[in-house]
Protein chains: 2
Amino acid sequence: MGRPKMYDREGITDRAMNLFWERGYHATSTRDLTEAMGVNPYSLYAEFGSKQGLYSAAVERYESTVMVGHFGGLEAEDASLEEIRDVLDFFGESGDRKGSYRGCLLCNASTELAPTLETSRESTARYVEYLITVFTNALRNAANQDRLVEAAPIDELAAFFATVLMGQFVMMRAQVDRAVVRSAANQVVVRLNEVVLSPDSRPPQRA
Amino acid sequence: MGRPKMYDREGITDRAMNLFWERGYHATSTRDLTEAMGVNPYSLYAEFGSKQGLYSAAVERYESTVMVGHFGGLEAEDASLEEIRDVLDFFGESGDRKGSYRGCLLCNASTELAPTLETSRESTARYVEYLITVFTNALRNAANQDRLVEAAPIDELAAFFATVLMGQFVMMRAQVDRAVVRSAANQVVVRLNEVVLSPDSRPPQRA
DNA sequence: AACATAGCTGAACGATCGCTTGGAAACAAG
DNA sequence: CTTGTTTCCAAGCGATCGTTCAGCTATGTT
């Protein structure tokens, strides 16, 4: 009963997400947002409660769409070396893709908001924990398959991978030469190869 | 002639730098700034012209004080492996130091402002270029001293180091477990050791 | 057709933003 | 001391911030 909404929540959250992603939190005004979302202030506040509420929704949307696209492969229970390499390759080339200047919404949020906004610190902590978890899981799987040298420091490598990723996001956002991002990825791959047992332990490439 | 200033430019620029460093650009108001600087709005605008002018001055101050403290050793013409290791060690432990949640002013600036503010993109580009230059220089010196394996990819390593550094800054600002920052530094050291020729090529430790 | 309900609209709220200004205050030069 | 110059101070400028709301519109129900 009552008048039906003229928008769908996912669609307008997507638009808000893209604006926050590009400009950050403080540089994006509610007027910018309502304009981009094609919605009136009333609807924004009826649907999300506040600018911060909308931001949280945008972050959740980012996690459930963009991040899944980036790390979906790594999330698999049986992810292993191939999935790690895919992620490293993907971000190594990400400087070439248009829109790379947006970097990563959660990385941007952490430097802009983490110290002052509780919810941002939480979502960033969740993000880093997530990255380390999926990397650790894949490395552990590789170890269980006897594909890693015995002394491979799995936890340290996972934290290292996550840290390099953050650095790449910063480089992308700062629009530095894409070779820098590529170089970082290459060196991580080299380091990864050093804990891999046999150079031929990798199964045939997938398409 | 005329009334003398009741402030000194360096001192108030330092205070402004610290505030920008903590909170970022947009979250710091001119009222916050004048209060922290102990100065009236008039003096701020007489001295710096605008909020952006003050920010630029704060960035310059950051470069000439904080950054020199961090990378002064690496800047030396004859810097080599020892200086690289010192920097990696320093940032590896930086999670332990108080105030580490501030991260790096220029790294924070790049994610918050680089896409929208020309001057920020410039200062970030300058920063990354500087980092890569000093790392490259030190690596090249080590190569000239025959301390590196012949195939050491110097340019790529330098870009890699700079990228990891950025990632560490993000991690520090997000206040994640300091072990993450430590791990990243450790793995970079491991990678560095792999391009070093003899394990005993390092001269006795300095104090 | 009439009612109840929920969403849309445009205008505007108080607060804060970056920034300006007119007059008092503090120095150097004469 | 007077004059000229520069800075300090308090108040407040117009603009924009995040947010709200009374009145209208469109729907489901009866």
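Note: hydrogens, waters and symmetry copies are ignored here, and every other heavy atom, side chains too, is used. Every chain is numbered from 1, with letters handed out A, B, ... down the list of sequences. Values in this document were obtained by computation on a predicted structure and should not be read as measured data.
Going from atom CZ of Arg3(B) over to atom P of dA26(C) covers 6 Å, rounded to whole Å. A straight line from CG of Leu33(B) to P of dC17(C) spans 10 Å, rounded to a whole angstrom. In this structure, CG of Asp8(A) is placed 15 Å from C1' of dG7(C), rounded to the nearest angstrom.
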Report, one pair per line, the protein and nucleotides 18-21 of chain C atoms (nitrogen or oxygen only) whose separation is under 3.5 Å.
from, atom 1, to, atom 2, distance (Å)
dG18(C), OP1, Lys51(B), NZ, 2.7
dG18(C), OP2, Thr30(B), N, 2.7
dG18(C), OP2, Thr30(B), OG1, 3.0
dG18(C), N7, Arg31(B), NH1, 3.2
dG18(C), O6, Arg31(B), NH2, 3.0
dC19(C), OP2, Tyr45(B), OH, 2.9
dC19(C), OP2, Lys51(B), N, 2.8
dC19(C), O5', Tyr45(B), OH, 3.3

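Between Phe91(A) and Phe169(A), the distance from one ring center to the other falls under 6.0 angstrom.
Across all their heavy atoms, Val59(B) and Ser123(B) have their closest contact at CG1-CB, 4.3 Å. Closest approach of Met171(A) and Met166(B) over heavy atoms only: CE-CG, 3.8 Å. The heavy-atom pair separating Val39(B) from Leu44(B) by the smallest distance is CG1-N, 3.8 Å.
Side-chain contact of Gln168(A) with Ser94(A): a donor-acceptor pair under 3.5 Å is absent, judged by distance alone. Between the side chains of Glu75(B) and Tyr130(B), at least one donor-acceptor pair of N or O atoms lies under 3.5 Å.
Once you apply a 4.0 Å limit to the heavy atoms of chain B, the touched nucleotides of DNA chain D run 5' to 3' over dG4(D) to dG12(D).
To the nearest 0.5 angstrom, Thr13(A) atom OG1 is 7.0 Å from Leu54(A) atom CG.
Checking the phosphate oxygens (OP1, OP2) of dC8(C), no side-chain nitrogen or oxygen of Asn40(A) falls inside 4.0 Å.
Relative to the six-membered ring of Phe161(B), Arg191(B) misses at least one condition, a distance below 6.0 Å or an angle of at most 45° to the axis.
Phe48(A) comes within 4.0 angstrom of nothing in the nucleic acid, heavy atoms only.
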